[in-house]
Amino acid sequence: MAAPGSAMKHTFSSFLKQKSLKTSPTKPRGIMAVSMREVDPVFHGAGQKDGLEIWRIEKLQAVPVPRESHGRFFTGDSYVILKTTALKNGSFRHDIHYWLGKDTSQDEAGTAAIKTVELDAALGGRAVQYREVQGNETEKFLSYFKPCIIPEEGGVASGFRHAEVNEREHVTRLFVCRGKHTVHVKEVPFARSSLNHDDIFILDTKSKIFQFNGSNSNIQERAKALEVVQYLKDTNHEGKCDVGAVEDGKLMADADAGEFWGLLGGFAPLPRKTFSELNGKDPAFSSKLICINKGQTVPVDCDVLTRELLGSTKCYLLDCGSEIYVWMGRETLLEERKRAGSAAEELLREGNRSKSHVIRLMEGFETVIFRSKFSKWPKKADAIVSDESRGKVAALLKRQGFNVKGLAKAAPVKEEPQPQIDCTGNLQVWRVNGSEKAFLSFSEQCKFYSGDCYIFQYSYPGDDGEECLIGTWFGKKSVQEERTTAISFSSKMIESLKFQAVMVRLYEGKEPAEFFSIFQNLVIFKGGVSTGYKKFVSENSIEDDTYSENGVALFRIQGSGPENMQAIQVDTATTSLNSSYCYLLHDGDTVFTWIGNLSSSMDQELAERQLDVIKPNLQSRMLKEGSEYDQFWKLIGVKSEYPSQKIAKDQESDPHLFSCTFSKGVLKVREIFNFTQDDLMTEDAFILDCHSCVFVWVGQHVDTKIRAQALSIGEKFLELDILMENSSQEMPVYIITEGSEPQFFTRFFTWDSAKSAMHGNSFERRLSIVKDGVKPKIDKPKRRPTASSHTGRSSVPDKSQRTRSMSFSPDRVRVRGRSPAFNALAANFENPNARNLSTPPPAVRKPSPKPVSPDSAKPPPRAASIAAISASFERPRPTLIPKSIKASPDANKPQLEASKPKPEVNGKDSTPAKDSPTLTPMIQEDVKEGQPEDEKGLAVYPYERLRTSSTNPVIDIDVTRRETYLSAVEFRERFGMAKEAFAKLPKWKQNRLKIALQLF
């Protein structure tokens, strides 16, 4: 080899030929046709954990770069960069980039390309490989090194080139910045002639940094450039220097502008240039498919690109102009893959397209953009083959004495979807009835029909004050007119709250975990009761299958616990059964509970609880799967095969963030890689897709027309299926306005709520931080300072309280919050010594504003408020589990009357206060199961005064232990057992008996 610094030249092809002579010419083909002798040992153990790994090419060898030097690149060098991302499914995604400095030698560049293929082979052939050229890097590559990379002159000494790395004193440098989401930074000559109206320039002097904003640049580009200013300030000035902003067109009147132009030799007009974006579209280019056959390129003649054109035993080039894709079949040899990369490099040189990107893909791991080039690419299946490939690589390494720990697929992450919302808030529900909406009482708000549409409003304590969620729920058989009406009403409700509430659109069967946690106990009946549904059934001569409690009905019971359980009416047929669930079947007053062989004890407990809702006070006959009565099959139909696996739900996957533009019904999106909160700019709208739902985030400075079309943007995104995942168009869509982000959205970011509370546009916000060192005020509320209306909790509960409200316990039933008015009055009547000590006493505070609906904008008059409060004490207390009680019809008559919706005149303002669950008693949690309670010193009261619907209720008692105030004789008469026997029952059975006797 020639001495360092010699002018020896080698072509990439000749170098590859020399490498090929050392390898065996023939190898058995297989899923991973690779010999580990061809893989550089330096790559052993790579890609085993999340993060970046970088190697620099030194003397044609890959040498690891220390972590503290990551992001520092030299123009005379070539690098191999591995980005490993741990996915939610437990596997790793690998992206390999080889970066070529503008002064690197051809041999170093060729070595980097070859090492990239070897690294991919060591990873099991699953990585996507990118060719990066200095000054024209991909946005994905730049996202690893935010805010930017600024390559330094020089390079490491190599066998073909030697460049000195000079440590210099600080010199004045001028940089041009381009990019709205990721910033391309390039040093340009320090001269006035380098400036233009289109771009943003940063002048870094010894004592001050100037940012010059071209008149054609936009606010987002200026804000992103300020991140580069902050980087230079921290890197070159230890965070201590002045910062000045200069606007294009401002003359000497501005102090910063005068100083800036003085350094450039004085002001002079800049020549006008045609505005062009850096990432504008290339001229029309017809994609060409080329097959690599024994080192030769053979064009593939086809009118339409289809997946069938690609064979697993060959490599192909797809030339798209600005990108050249190298597709490698999974049965190809390592040398064939290297030759394919060589062919792509030659194609670039022949066409003088040094700035084009080369992207290499392995069969089964194609990117979305690549697949979109083909007509009807088949649905992407789970890469089972890749696991086998990775295992073979691990076996080869092990035989050669390497430690292969961690090379196999990472252990799957077993996470049950948890509701990311506080479950102690206040809930109100309306059913859409034609062009109107009807408020539902507490006892009816958890009973939905598949033929109807519903609107719900849920207020709950958040991290920065009270939060509000307004949603629409569309039954599977609801009519389009009522769906449109529901969206209209909910939009008006959002607008009346000044867009400080989150909106969600839901379809039956696609509900998120938060929805079920809010409703706690939901029953969905077949059919509908709205005028729109009835009209549709009548006009189309369709059989009305609306649920009748006196008919035959089958319910599937599902859920995770008492705080999240549902009963879904299904077709009364054998095919509706599933061994993983429990079912309730009733024919009038005859009830069966069918227990699947694969169901859990929790499923069986939920079936018992749902029986109290659907058929209260009736006994059910338990049927184990396989031992059913003939009467059961007579009701359900002829016995036939049915499934045994639980119904699959859309699982949350790794999120993708997209910036979007929406004009004339056309949606255009651009993915933002490795996103952070700072990528959400107040002038734009963004889409966050996590596979199980879609969030549309709207900045405060977005045009009002775009804000009004936010839901249409989300629906259009689902229609386009950008990620080619065959996503359902009924996936939940959330609309979130900047400043009102809920926790189930912010969990995808490292979130600072103070940032979204700042004033001004993106540039002004960033400038206040960079220039003046002003930090966002963390004590500034990001929402209106409304008082909470939730039990005795503070408006912002502490962590322990929120954890309890969001966690699940089988023996604990969630209690809705009391209204503020009740708390204020109850504080004067309740005996603090008789309270449940495990629950904090109610705080006296100002009532929070009532949830606003389009029908309600004015506060109720004082007389109406007092009447509403008084009526709340006269009404019976609602039960925790809503039901229609059949026993003792005379005793229940007042309760049924109270549950009816009030006329619209009185209901506009007072109905929510009267019908909301404000008087729910708290659960006693101090008494352990199976132990009799200490009743010494307790007074004895008659049953008629202790029941919840009493007209003369006892006040000075613990309302969670009403049964303990009964005499022993009356207790046995009512419960059919002694107090000691009752105390030994499980808590849920105690509650069930108390509910039936109105003592809960």
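Residue numbers start at 1 and run along the sequence shown. If you're wondering where the values come from, they're calculated on a predicted model, not measured in any experiment.
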Atom pair CG/OG of Asp319 and Ser356 - distance to nearest 0.5 Å:
7.5 Å
Pair Arg93-Asp654, salt bridge (Lys or Arg N to Asp or Glu O under 4.0 Å): steps then yes or no
CA-CA 11 Å; Arg93 183 183 68 231; Asp654 300 274; 5.6 Å; no
Can you confirm whether or not the ring centre of Tyr98 sits under 6.0 Å from the ring centre of Tyr79?
no
CZ (Phe673) and NE2 (His656) are apart, to the nearest 0.5 Å, by 9.0 Å
If only atom types and distance count, is the side chain of Thr235 paired as donor or acceptor with the main-chain N or O of Leu232 below 3.5 Å?
no
Are Thr332 and Arg337 close enough, and set up right, to give a side chain to side chain donor-acceptor pair (under 3.5 Å), and what steps lead you there?
CA-CA 7 Å; Thr332 55; Arg337 300 172 194 174; 3.0 Å; yes
So, the side chain of Asn293 versus the backbone of Thr297: is there a donor-acceptor pair under 3.5 Å, distance only?
no
Can you tell which of Lys140, Lys83, Arg126, Arg360 makes a salt bridge (Lys or Arg N to Asp or Glu O under 4.0 Å) with Asp95?
Lys140
Applying side-chain contact (heavy atoms from CB on, under 4.5 Å), run through Phe695 and Ile687 and close with a yes or a no.
CA-CA 6 Å; Phe695 300 90; Ile687 297 172; over 6 Å; no
Which pair of non-hydrogen atoms, one from Lys115 and one from Gln61, has the smallest distance, and what is that distance?
NZ-OE1, 4.2 Å
All heavy atoms of Val183 vs all of Pro147, minimum pair found to be CB-O, 4.0 Å
Would you say that more than 12 heavy atoms from the other residues, nucleotides or ligands in this model lie under 6.0 Å from the CZ of Arg747, or not?
yes
Taking the six-membered ring for Trp and the full ring for Phe, Tyr or His, determine whether the centres of Phe675 and Phe748 are under 6.0 Å apart.
no
List the steps and the verdict of side-chain contact (heavy atoms from CB on, under 4.5 Å) for Val63 and Val42.
CA-CA 8 Å; Val63 178; Val42 75; over 6 Å; no
Quick test of your reading of the model: are Lys146 and Glu227 salt-bridged, counting only N-O distances below 4.0 Å?
no
Under the criterion side chain to side chain donor-acceptor pair (under 3.5 Å), I'd like the reasoning laid out for His691 against Gln651: C-alpha separation, chi angles, the key distance, then a yes or no.
CA-CA 7 Å; His691 186 69; Gln651 295 296 315; over 6 Å; no
May I ask you to test the Ile324-His357 pair for a side-chain heavy-atom distance under 4.5 Å?
no
Apply salt bridge (Lys or Arg N to Asp or Glu O under 4.0 Å) to residues Glu238 and Lys233 and explain how you reach the verdict.
CA-CA 6 Å; Glu238 297 181 349; Lys233 182 179 179 181; over 6 Å; no
I'd like to know if Glu331 pairs up with Lys314 as an ion pair, taking the criterion as any Lys NZ or Arg NE/NH1/NH2 lying under 4.0 Å from an Asp or Glu carboxylate oxygen.
no
Please report the interatomic distance CG(Leu334) to CZ(Arg339), rounded to the nearest 0.5 Å.
10.0 Å
Gln677 and Thr750: side-chain contact (heavy atoms from CB on, under 4.5 Å), yes or no, with the steps?
CA-CA 7 Å; Gln677 181 185 356; Thr750 300; over 6 Å; no
Flag the pair Tyr325 / Trp327 as yes when their ring centroid distance falls below 6.0 Å, and as no otherwise.
no
Between Val358 and the options Arg131, Gln129, Glu132, the side-chain contact (heavy atoms from CB on, under 4.5 Å) test singles out Arg131
Ignoring hydrogens and geometry, is there a side-chain-to-backbone donor-acceptor pair from Thr111 to Asp107 under 3.5 Å?
yes
Return yes if some donor-acceptor pair links the side-chain N/O of Tyr316 with the main-chain N/O of Gly311 below 3.5 Å, else return no.
yes
Taking atom NZ of Lys102 as the centre, does the number of heavy atoms from other residues, nucleotides or ligands within less than 6.0 Å exceed 12?
yes
Could you check if a side-chain atom of Ile149 sits within less than 4.5 angstrom of a side-chain atom of Val185, using non-hydrogen atoms only?
no
What I want to find out is whether Asp77 reaches Arg56 closely enough, with some N-O distance under 4.0 Å, to be called a salt bridge.
yes
Counting N and O atoms only, with roles assigned by atom type, does the side chain of Glu68 sit under 3.5 Å from a partner on the main chain of Pro66, one being a donor and the other an acceptor?
no
Do Ser91 and Asn89 pass the side chain to side chain donor-acceptor pair (under 3.5 Å) test, and can you show the C-alpha distance, the side-chain angles, and the key distance before you say yes or no?
CA-CA 6 Å; Ser91 65; Asn89 62 10; 2.7 Å; yes
Approximate separation, where rounding is to 0.5 Å, of Thr75 OG1 and Glu153 CD:
4.0 Å
Sidechain-backbone polar pair: Lys373 side chain, Leu318 backbone, donor-acceptor under 3.5 Å
no
Side chain to side chain donor-acceptor pair (under 3.5 Å) between Gln134 and Trp99, worked out
CA-CA 7 Å; Gln134 180 182 340; Trp99 184 89; over 6 Å; no
Atom CG of Leu310 and atom CG of Leu289: how far apart are they, to the nearest 0.5 Å?
6.0 Å
Begin from the C-alpha positions of Asp721 and Asn726 and carry the test side-chain contact (heavy atoms from CB on, under 4.5 Å) through to its verdict.
CA-CA 7 Å; Asp721 193 18; Asn726 293 330; 3.9 Å; yes
Are Glu187 and Arg173 within salt-bridge range, i.e. N to O under 4.0 Å?
yes
Atom of Arg307, atom of Trp377 and distance for their closest heavy-atom approach:
CD-CH2, 3.2 Å
Looking only at atom types and distance, does a side-chain atom of His181 sit under 3.5 Å from a main-chain N or O of Lys224, one as donor and one as acceptor?
no
For the pair Trp751 and Phe749, name the ring-plane relationship: parallel under 30°, tilted 30 to 60°, perpendicular over 60°.
perpendicular
Measuring centre to centre across the rings, with the benzene-like ring taken for any Trp, is Tyr144 within less than 6.0 Å of His97?
yes
Distance col, row Ile722:CD1 vs Asp689:CG, nearest 0.5 angstrom, shows 9.5 Å
Side chain of Ser69, backbone of Val65: donor and acceptor closer than 3.5 Å?
no
Provide the closest heavy-atom pair for Ser692 versus Met731 in the form atom of the first, atom of the second, distance.
O-CG, 3.3 Å
On a heavy-atom basis, the closest approach of Val368 and Met724 is O-SD, 3.7 Å
Give a yes or no answer on whether the side chain of Asp650 reaches the backbone of Cys693 with a donor-acceptor pair at less than 3.5 Å.
no
Heavy-atom pair of closest approach, residues His70 and Leu52:
CE1-O, 3.5 Å
Between His184 and Asn136, do the side chains contain a donor N or O and an acceptor N or O under 3.5 Å apart?
no
Are any of the side-chain heavy atoms of Leu657 and Glu671 separated by less than 4.5 Å?
no
So, does Asp50 use its side chain to make a donor-acceptor pair with the main chain of Ala86 at under 3.5 Å?
yes
Within a radius of less than 6.0 Å around CD1 of Ile369, do more than 12 heavy atoms belonging to other residues, nucleotides or ligands occur?
no
Side-chain ion pair, Arg349 and Glu346, N-O less than 4.0 Å:
yes
I'd like to check Leu361 versus Val326 (side-chain heavy atoms, cut-off strictly below 4.5 Å). Are they in contact?
no
In the structure I gave you, are the side-chain heavy atoms of Ile54 and Val80 within less than 4.5 Å of one another anywhere?
no
